[in-house]
Amino acid sequence: MKKLLIILLIVLSLFGCPRIKFISDYDEVIDKGTTEFAEQFNTHIKNMGDLAGTPEGTYEANLKTYNALESKLDVMIARASSASEGKGCKLEKEIYDRVNSLLKNDMPADIKLDETYQSGNSSGCNERLLVLVKTQLSYVKKIHRETDKCGPEKLSCIRPATVKTALGIANQSINAVSIIETAKKQ
Amino acid sequence: MAISAEDIFNKMIDEAEDAFKEGWQAVKTYAPAEFKKMSVQLVEIAENVALYEIDQTQGYSRKTGKILFKMQRTACESVLVAVTQLTLIAVQKALNAIIKVLRQTFSGIISAVV
């Protein structure tokens, strides 16, 4: 009888228990916003490849597009940040340790993972993923502004070869945001 | 009402397996594909820098290559965070499936007893 009561108590507590939640809810604004950003970013970079070496393809001529792309990301980052209450992204300890030990041996010292990965919560990972997309955008801007030069006048540009590699890499970061939102939705 | 522990166990396992399989499948498909892309892109960077050093109308400079390498490192971080999140989503779905089975199984007993 005592056992039955204990079982009943456990079961009753299950009925009052809300659904278990490790991750933040699906966010349609971030899902759609990321898709729109991906389209605009990909179109812009491909256009830059076609315009490389012309005045229309220089960094200065395209500053407004970069500002628009950056603003779009900032809005989504602010939204994700308020949802996570600024707690940051918690990478599971086992993964953190594994990655840390791998990177520590094979990569330069500055590649060490951010300490925020050891604390924080999983909903902060949305924000982190979006911040990483913004980091990719800033690297592309840097290439356009400083390192790629085209034509005899050495105009700032994005070289066609750079377009292919940069898009492949940046899209990995963009897809990481999309794949999580899609998985949450299912 | 007769309760078979084995029936409950089997139901829980079935539900959890179905829920987790779907989520785990996403991790299994996503992670290797992304790591493959990374390896291809790293080779691409090296090849394009080498091309540029032979002919400056081809490939891209070492400076651009360095930035692209940093971008790849950032993409690696994105993939790791996404894999962690996908795993959590799979675990969450499995646990909620188990709780659903328990609720369904015991709802009859509770209404009879309480």
A:Arg159 to B:Tyr60, cation-pi by 6.0 Å centre distance and 45° axis angle: no

Over 12 non-hydrogen atoms of neighbours within 6.0 angstrom of CD in A:Glu28: no

Atom group of B:Gln56 that falls short of 4.5 Å from chain A, counting heavy atoms: both

From OG1 (B:Thr74) to CG (B:Leu68), nearest 0.5 Å: 11.0 Å

Minimum heavy-atom distance B:Tyr30-A:Gln172, with the two atoms named: OH-O, 4.5 Å

For chain A, the option from B:Gln41, B:Lys63, B:Lys37 that forms the most heavy-atom pairs under 4.5 Å: B:Gln41

Atom NZ of A:Lys141: over 12 foreign heavy atoms under 6.0 Å: yes

Between A:Thr135, A:Val131, A:Thr162, the one whose heavy-atom pairs under 4.5 Å with chain B are most numerous: A:Thr162

Proximity breakdown for A:Lys149 and chain B, heavy-atom pairs closer than 4.5 Å: neither

Proximal component of B:Gln72, with respect to chain A [non-hydrogen, under 4.5 Å]: both

